[in-house]
Amino acid sequence: MDYQAIIESLFRGLIGERFIVFALAAIGLNLHFGYTGLLNFGQAVFMAAGAYGLAMMVATVGPRLNENTGLNMSETTLFWVGVFTAVVVFPILFALVMGIPTLRLRADYLAIVTIAVAEIFRIVARSPRFDWLTGSSDGLTGFSGTFYDLSPFSTTGRYFFNLFTGNQFFLVLVGWTILAIGTTICWLLVRSPWGRVLKAIREDEDAARSLGKNAYSYKMQALILGGMFGAVGGMVRAVGFSVAQPDNFITDVTFFVWVALILGGAGKVFGPLVGAALLYAVLDSSDTVLRQLVENDYIPSSFMSGTQVGQVRFMIVGLGLVLLAAFRPQGIFGNKEEMALDDR
Amino acid sequence: MTDEFAKHDALVPEAGPKSHAPHPAHALPMFDVDVAAARSALSEVPWEPGASKPDPILVADNVVRRFGGLTAVDVDHVEVQRGVITALIGPNGAGKTTLFNLLTNFDTPDTGSRLFNGQAIDKVPAHKIAGYGMVRTFQLTKALSKMTVIENMKLGATDQRGESLFASVLPVLWRKQENEIESRADELLVHFKMEHMRDQFAGTLSGGQRKLLEMARALMVEPEMVMLDEPMAGVNPALTQSLLGHVTGLRDRGMTVLFVEHDMDMVQEISDWVIVMAEGKIIAEGPPGSIGQNQAVVDAYLGSSHDSALDLGEGS
Ligand SMILES: Nc1ncnc2c1ncn2[C@@H]1O[C@H](COP(=O)(O)OP(=O)(O)OP(=O)(O)O)[C@@H](O)[C@H]1O
Ligand SMILES: [Mg+2]
């Protein structure tokens with residue numbers, strides 16, 4: 001058994017790119033669901049908004065703009081305009097599209113609309129009709145150069161106990177910085193009177209309204225802000241893998257974000273971080289462990305082959321979730337007494 | 001007629017907008033309303049549905065609300081006198097809660113207009129009603145379960161700087177105000193004898209304690225008028241007395257109280273004026289003692305099929 005590989009995969013899961021992406025998206029979902037009670041089943045579309053906001057600005061929209069107007073923006077300029085589009089413009093746009101028709105209605109309406117918008121966006125981005133804009137099913141590439149040009153690390157070296165290449169390490173460092181800032185902002189928000197209003201809306205919207213709080217406006221603010229966190233996550237993903245593809249943002253992605261949030265504990269500041277770290281530590285390390293077990297014939301190939309490992313690890317996560325629901329339904333950070341109040 | 005005018009004059013000097021500002025030094029707001037004058041002025045008001053009052057704080061006209069074929073509320077005219085306790089009674093399903101919803105814009109009437117403090121509030125969204133100085137509680141208590149008692153209280157304060165998204169991340173901008181709000185909330189909790197539950201989740205409180213919390217929280221708004229939907233329902237008799245004391249206390253500080261209640265003993269005990277609804281209409285008005293003798297009221301209660309016991313003899 002290659003124990004080093006197992007430990008490496010465990011660590012990568014705990015602190016690597018995918019952890020960062022899903023932790024950011026889960027922070028956003030925590031603002032939506034954990035604090036405001038909004039049922040967003042389309043967090044993947046905010047992530048896609050982040051990925052495509054940047055990718056399209058640098059790879060397709062930007063160059064066309066340059067051609068058709070005399071603007072002549074450099075790739076660096078386009079990159080930063082793209083970041084702004086990804087993190088500010090698109091999330092606001094998507095949140096307004098989803099929120100305006102539904103946030104005055106019962107919670108389930110938002111749930112339906114978010115799933116729909118996420119799928120519509122993905123299918124439109126996939127369609128050959130918009131190849132010039134989104135690159136259809138192949139997606140877009142060639143937009144992350146500006147980011148990696150900023151990296152002080154050598155592209156040939158290995159960093160952090162040989163876990164990462166220079167570029168990966170740069171991305172992880174930037175990602176962690178963003179996570180730290182994001183978590184701090186979230187912590188400040190939920191401890192403020194603003195956060196108190198969100199919780200009141202989660203508990204009872206009419207009570208909040210009778211006390212003079214504009215529930216609709218707060219829900220919209222939460223939807224936008226949480227969407228922005230999702231978009232940053234999606235953007236980190238796109239830059240990390242240097243590609244924005246429609247099928248990176250299928251509905252499963254939304255449910256992984258949910259799993260991370262529930263695992264860690266909804267309505268707790270550190271819930272999303274712990275949940276995402278645990279989810280990817282289990283997913284990545286079980287992948288390595290199972291593969292090694294199969295290769296070394298600890299598991300007979302008649303029972304499971306190396307190609308089935310990918311699916312089996314999801315079964316393990318599923319089993320873990322069932323056990324969590326049975327023994328610790330409030331999540332790792334959640335508070336049991338608080339959870340019990342739901343039933344009264 | 002001359003009497004009518006004299007009475008009006010006596011009340012008008014206190015009725016200017018400035019004089020209604022709450023007294024800042026108390027946790028409980030204090031309004032400069034001559035309560036004694038307001039109460040005695042009621043003696044001049046005729047005992048009839050829709051009677052006009054000398055100094056109404058709330059006026060509703062032609063308010064109709066239908067649910068499909070059912071007309072839940074159909075009120076031609078109603079006025080609520082400032083500075084007194086008005087009880088709204090009626091059999092189950094009379095439309096009391098629906099009228100509350102309409103008066104506070106939690107529901108939109110099919111027709112009709114409402115004035116609060118002389119201002120039209122027909123187009124005002126429900127969340128802005130609190131800003132006008134009117135706050136309501138709910139028949140099914142809405143304690144915010146997963147928030148502590150003190151958080152529940154602090155939520156009630158209006159015009160909080162920290163409630164804006166951008167200011168919220170900079171505590172220096174709101175810390176001072178937050179401390180003031182917190183000490184006001186603490187004073188109110190002491191007043192309601194709930195200070196020992198301060199840091200408990202509201203979801204752990206009993207039904208009666210939740211009623212108390214909801215009332216105290218409403219007072220954080222510093223309202224000129226409080227509307228309580230069955231504040232005494234489910235509250236044990238020992239606590240009822242203190243709740244009644246709180247309600248009369250509000251009036252004595254110049255607040256206007258409109259409350260729904262089924263227990264006639266309590267209505268007799270604390271209300272200055274009673275409005276009776278049945279089948280969506282106002283069928284009688286008058287001081288508490290007059291209601292039991294009213295034939296329309298007797299018919300409404302005895303004629304309806306429900307089993308609520310209205311002790312019509314009591315106190316009349
Ligand atoms: N949202 C609604 N949809 C349909 N019908 C409704 C609705 N709300 C109230 N009603 C009906 O309107 C009538 C008045 O109801 P309301 O709740 O106002 O009565 P109430 O006087 O408060 O009664 P109670 O003393 O039992 O609380 C009832 O017949 C009720 O069924
Ligand atoms: Mg009712």
Side-chain angles (χ1 to χ4, degrees), chain A residues 31 34-37 92 104 181-226 228 265-268 330 334-344, chain B residues 101 104-106 125-138 140-148 151-171 173-175 177-178 181 200-207 210 214 217-218 220-221 223 227:
Chain A
L31 280 174
Y35 291 102
T36 323
I92 292 180
R104 288 188 204 280
I181 297 170
T183 306
T184 311
I185 291 176
C186 190
W187 181 75
L188 284 168
L189 283 174
V190 302
R191 292 172 78 257
S192 73
W194 185 82
R196 185 159 65 216
V197 177
L198 293 197
K199 287 179 224 166
I201 290 169
R202 176 190 71 194
E203 297 300 305
D204 196 311
E205 215 177 301
D206 279 340
R209 219 175 268 132
S210 75
L211 297 170
K213 320 299 175 195
N214 185 349
Y216 178 70
S217 157
Y218 281 94
K219 288 200 281 185
M220 188 62 90
Q221 291 172 37
L223 189 62
I224 290 174
L225 203 65
M228 286 177 171
K268 302 286 161 202
Q330 70 273 32
N335 173 329
K336 188 143 201 173
E337 280 96 75
E338 214 176 312
M339 183 99 181
L341 296 177
D342 277 341
D343 307 331
R344 283 177 53 115
Chain B
N101 290 342
T104 51
N105 287 5
F106 271 76
H127 71 265
K128 289 207 176 132
I129 290 291
Y132 279 69
M134 171 158 56
V135 64
R136 58 89 54 95
T137 65
F138 296 86
L140 297 171
T141 324
K142 293 188 187 299
L144 306 164
S145 302
K146 286 192 222 166
M147 296 169 71
T148 60
E151 278 182 302
N152 263 271
M153 293 294 290
K154 288 196 281 188
L155 181 75
T158 48
D159 296 323
Q160 298 191 39
R161 279 189 283 279
E163 284 182 356
S164 101
L165 176 57
F166 295 104
S168 68
V169 288
L170 296 170
L173 295 179
W174 48 264
R175 182 61 66 199
Q177 190 193 25
E178 176 83 354
I181 290 169
Q200 248 169 275
F201 282 123
T204 65
L205 304 188
S206 74
R210 288 180 199 207
E214 202 184 15
R217 187 178 67 195
M220 286 296 290
V221 176
M227 303 179 53

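All chains are named by letter (A, B, ...) in the order of the sequence lines, taking the proteins before the strands, and each is independently numbered beginning at 1. Everything quoted here is computed from the prediction, not taken from an experiment.
Shown here are the salt bridge (charged side-chain N to carboxylate O under 4.0 Å, His left out) partners of A/R196, two or more places apart in sequence or in another chain: B/E178. Applying the side chain to side chain contact (heavy atoms under 4.5 Å, CB included) test to B/T148 and every residue at least two apart in sequence or in another chain returns B/I150, B/E151, B/F201. Under the side chain to side chain contact (heavy atoms under 4.5 Å, CB included) criterion, A/K268 pairs with A/F333, A/N335, A/E338, sequence neighbours left out.
The structure places CZ of A/R209 at 10.0 Å from NZ of B/K142, a figure rounded to the nearest 0.5 Å. Here the NZ atom belonging to B/K146 is positioned 6.0 Å from the CD atom belonging to A/E203, to the nearest 0.5 angstrom. Here CZ of B/F106 is found 5.0 Å from CG of A/D206. Values are rounded to the nearest 0.5 Å.
The two residues B/L144 and A/A207 make their nearest non-hydrogen contact at CD2-CB, 3.9 Å.
By a heavy-atom distance cut of under 4.5 Å, B/Q160, B/G162, B/E163, B/S164, B/L165, B/S168, B/V169 are the residues of residues 159-169 of chain B near chain A, going up by number.
If you tally non-hydrogen atom pairs under 4.5 Å between each of A/N214, A/L225, A/L188 and chain B, the highest count goes to A/N214. Heavy-atom pairs under 4.5 Å with chain B were tallied for A/A200, A/S192, A/A208, A/P193; the largest tally goes to A/P193. Ranked by heavy-atom pairs under 4.5 Å with chain A, the list B/V135, B/L155, B/N105 is led by B/L155. Between chain B and the options A/T184, A/D204, A/I185, heavy-atom pairs under 4.5 Å are most frequent for A/D204. Of the listed residues B/E214, B/R175, B/R136, B/K154, the one with more heavy-atom pairs under 4.5 angstrom with chain A than any other is B/K154.
Looking at heavy atoms from C-beta onward, B/H127 lies out of side-chain contact with A/K213 at the 4.5 angstrom threshold.
A/Y218 touches chain B through its side chain: at least one heavy atom from C-beta onward sits under 4.5 Å away, while N, CA, C and O do not.
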